[in-house]
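Some notes on the structure that comes next.
Keep in mind the model is a prediction, meaning the values are calculated, not measured.
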Amino acid sequence: MSASDDPRRVHFQSPEYLVDRLDAIAELFDKDRTDLLVEAIREYIEDTAESETFQELVATKYYDDQLDFETVKQLVGAETAQRLRLLKADLEDEPLDLAAPDDVDVYDGDATAVDTAADDDR
């Protein structure tokens, strides 16, 4: 078990009817309430992390420097976080100040004109 898998005690309040339903489900499946809660939280986090809306929100906040890289990695995974970091670095780069080349013949002298008026008559 890694350090990140070590259990941490969490205390929160919930409406009584939810706890009663959770206990009934736990008893039905012969499971512990905590196991069901951890499973439900894990599934919620995975579903949320895969959501396009969520990933866009994370990206926006990361690009606006409201989230640091480690937090992004926790939220969307290492691979997506690395892609966002590369995109952010690319966005922060200064654009190259290059003039368009004027001595290059893109069509190599073989440009073809198209008469679009014939298409409009159809």
Under a single-linkage definition using a 4.5 Å side-chain heavy-atom cutoff for Ile, Leu, Val, Met, Phe, Trp and Tyr, are V76 and L91 assigned to the same hydrophobic cluster? yes
Output yes when E70 and K73 qualify as a salt bridge under the 4.0 Å nitrogen-oxygen rule, no when they do not. yes
Taking side-chain hydrogen bond (donor to acceptor under 3.5 Å, both in side chains) as the cut-off, I'd like each qualifying pair that reaches into residues 79-91, sequence neighbours left out, listed once. D65-K88, Q82-R85
Over all heavy atoms of both residues, which pair between L87 and Y63 is shortest? Give the atoms and the distance, please. CB-OH, 3.4 Å
Is any side-chain heavy atom of K31 closer than 4.5 Å to one of I25? no
Would you list the pairs meeting side-chain hydrogen bond (donor to acceptor under 3.5 Å, both in side chains) in which at least one residue belongs to residues 8-20, sequence neighbours left out? none
Applying the 4.5 Å side-chain criterion to the ILVMFWY set and letting contacts propagate, would V38 and L36 be lumped into a single cluster? no
Please answer: with hydrophobic residues joined when any side-chain heavy atoms are less than 4.5 Å apart, are L22 and F12 in the same cluster? yes
Work out which heavy atom in V72 is nearest to a heavy atom in L84; give both atom names and the distance. CG1-CD1, 3.9 Å
Just how far is it from atom CG of L37 to atom CZ of R42, taken to the nearest 0.5 Å? 12.0 Å
Review item, side-chain donor-acceptor pairs of residues 45-54, under 3.5 Å, at least two apart:
unit_1: T48; atom_1: OG1; unit_2: Y44; atom_2: O; d: 2.8
unit_1: S51; atom_1: OG; unit_2: T53; atom_2: N; d: 3.3
unit_1: S51; atom_1: OG; unit_2: F54; atom_2: N; d: 3.3

Between OG1 of T34 and CD of E39, what distance do you get to the nearest 0.5 Å? 12.5 Å
Here the gap from Q66 atom CD to L57 atom CG, rounded to the nearest 0.5 Å, amounts to 9.0 Å
Between T60 (side chain only) and E56 (backbone N and O only), is there a donor and an acceptor less than 3.5 Å apart? yes
